[in-house]
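Just so we're clear, the structure is a prediction, and the values are computed from it rather than from any experiment.
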Amino acid sequence: MGSTEPLRLAGVGIGALNGIDLEVSPGEIVCLSGASGSGKSRLLRAVADLEPHAGEVWLGSQAQSQTPGHAWRRQVMLVPAESHWWAETVGEHFEVQPEDGALAALGLEPEALTWQIGRLSTGEKQRLGLLRAVSREPRALLLDEPTANLDDASSQRVEAWLTECIRTRGWPTLWVAHDQGQIARVGRRHWRIADGRLAEVAHAWK
Ligand SMILES: Nc1ncnc2c1ncn2[C@@H]1O[C@H](COP(=O)(O)OP(=O)(O)OP(=O)(O)O)[C@@H](O)[C@H]1O
């Protein structure tokens, strides 16, 4: 299922952040950066309806405040920096099998879905957490440092796979990143949180 609907934050406020207005078009990646503790993760949690907040979030004409939390999060999917696993094997966490080639694109072995959770490295957990989220075919993505635990080569492989998924499905995406190189590669727009404000950063590459 693709999406042709924008994600729109209207007057969102959480913690020290207030009055955030931001529209992300279908298939667009907006990067968010800011110092540690500036509120990036909390902002994503507000957009995912995981924390009480001021203002409204819209997915097309659908309002977050009028949608049950679980139904909202099924569509506006948050992938936290640290993924959660509850069953014994990787495959048990997948409602839908990942599409052909996805494991290889992420640098994972074909039998990774049969692996025990206990054996997963931090980076394997991160890549499998992303694959699980994408396999559920949401309508918007919220990515919290999706390559934080990966080496440069894996990071660029994951970036390439994610950007292709986002482009072909048309998901509006908020992507928290620290690395300027990554921000330049994936984001058409970049917003930075500083002093409790979200401000757009102008870059030379645009
Ligand atoms: N439920 C909460 N209630 C009150 N304060 C919170 C809550 N959750 C987080 N905070 C605080 O809000 C601030 C922002 O936290 P957040 O996790 O969004 O930071 P961040 O920008 O994602 O940082 P990092 O880059 O280190 O992950 C921090 O000072 C944190 O301690």
Side-chain angles (χ1 to χ4, degrees), residues 1-15 17-32 39-99 102 106 113 117 125-146 158 161-177 186 189 191 198:
M1 184 183 8
S3 173
T4 53
E5 293 172 325
L7 182 70
R8 190 160 63 84
L9 282 60
V12 169
I14 183 161
L17 292 173
N18 276 301
I20 293 178
D21 296 314
L22 174 61
E23 179 161 334
V24 190
S25 303
E28 183 186 24
I29 297 170
V30 171
C31 287
L32 288 179
K40 306 176 295 294
S41 300
R42 280 193 96 186
L43 178 59
L44 292 196
R45 288 175 58 77
V47 176
D49 199 13
L50 282 165
E51 280 198 51
H53 60 85
E56 184 62 281
V57 183
W58 297 86
L59 180 65
S61 59
Q62 190 181 347
Q64 185 197 68
S65 64
Q66 303 303 311
T67 309
H70 66 276
W72 179 262
R73 284 187 287 281
R74 183 76 186 73
Q75 300 175 78
V76 180
M77 192 163 299
L78 172 66
V79 189
E82 286 178 22
S83 54
H84 300 293
W85 303 87
W86 50 91
E88 233 168 77
T89 66
V90 173
E92 289 170 83
H93 299 84
F94 283 73
E95 290 169 11
V96 182
Q97 289 300 299
E99 60 185 28
L106 289 168
L113 293 186
I117 296 302
K125 271 191 186 149
Q126 186 154 35
R127 283 176 286 163
L128 287 163
L130 289 163
L131 182 59
R132 177 176 64 186
V134 163
S135 302
R136 298 188 78 196
E137 295 289 344
R139 294 168 66 202
L141 267 186
L142 309 172
L143 303 174
D144 200 348
E145 301 191 49
V158 169
W161 175 78
L162 273 173
T163 51
E164 178 65 10
C165 291
I166 291 163
R167 192 185 60 75
T168 53
R169 265 76 154 207
W171 296 329
T173 299
L174 284 174
W175 181 317
V176 171
V186 308
R189 286 191 292 150
W191 292 72
L198 187 65

Using side chain to side chain contact (heavy atoms under 4.5 Å, CB included) as the criterion, point out the one residue from Val176, Leu32, Leu130, Ile29 that pairs with Leu143.
Leu130
After noting the C-alpha distance and the side-chain angles of Trp86 and Glu92, does the key distance pass the side chain to side chain contact (heavy atoms under 4.5 Å, CB included) rule?
CA-CA 9 Å; Trp86 50 91; Glu92 289 170 83; over 6 Å; no
Minimum side-chain heavy-atom gap Trp191-Lys40 below 4.5 Å
no
Please check this pair: side chain of Gln75 against backbone of Ala140, looking for a donor-acceptor N/O pair closer than 3.5 Å.
no
Counting C-beta onward and ignoring hydrogens, is there a side-chain heavy-atom pair between Val96 and Glu137 closer than 4.5 Å?
no
Would you say Glu28's side chain and Pro6's backbone share a donor-acceptor pair under 3.5 angstrom?
no
Which heavy atom of Leu59 sits nearest to which heavy atom of Trp72, and what is that distance?
N-CH2, 3.7 Å
Closest heavy-atom pair and its distance - Trp58, Ala63:
CZ3-CB, 3.6 Å
Is any side-chain heavy atom of Gln62 closer than 4.5 Å to a side-chain heavy atom of Glu5?
no
If you round to the nearest 0.5 Å, how far is CG of Leu131 from CG of Leu162?
10.0 Å
Check step by step if side chain to side chain contact (heavy atoms under 4.5 Å, CB included) holds for Leu113 and Thr89.
CA-CA 7 Å; Leu113 293 186; Thr89 66; over 6 Å; no
Measuring only between side-chain heavy atoms, which start at C-beta, is Thr163 closer than 4.5 Å to Trp175?
yes
Once salt bridge (Lys or Arg N to Asp or Glu O under 4.0 Å) is applied, what residue pairs with a partner in residues 63-89 remain, sequence neighbours excluded?
Arg74-Glu95
So Leu128 and Ser83, side chain to side chain contact (heavy atoms under 4.5 Å, CB included) or not? Walk me through it.
CA-CA 9 Å; Leu128 287 163; Ser83 54; over 6 Å; no
Taking the side chain as C-beta and beyond, is there a heavy-atom pair between Leu78 and Leu50 under 4.5 Å?
yes
Would you call Pro98 and Ser135 a side-chain contact if the rule is heavy atoms closer than 4.5 Å?
yes
Please report the shortest heavy-atom distance between Ile117 and His93, naming the atom on each side.
CD1-CE1, 3.7 Å
Would Leu7 and Leu142 count as a side chain to side chain contact (heavy atoms under 4.5 Å, CB included) here? Give the steps.
CA-CA 11 Å; Leu7 182 70; Leu142 309 172; 4.2 Å; yes
Over all atoms of both residues, closest heavy-atom pair of Gly69 and Asp49
CA-OD2, 3.8 Å
Return the minimal non-hydrogen interatomic distance between Trp171 and Thr173, and the atom names on each side.
O-OG1, 3.1 Å
Over all heavy atoms of both residues, which pair between Pro52 and Ile14 is shortest? Give the atoms and the distance, please.
O-CD1, 3.9 Å
Is there a donor-acceptor contact under 3.5 Å from the side chain of Asp21 to the main chain of Gly11?
yes
Positive for side chain to side chain contact (heavy atoms under 4.5 Å, CB included) with Leu22, one of Val47, Leu174, Val12
Leu174
For the residue pair Leu9 and Leu43, establish whether any side-chain heavy-atom pair is separated by less than 4.5 Å.
yes
Quick one: are Cys31 and Val186 in side-chain contact, heavy atoms under 4.5 Å?
yes
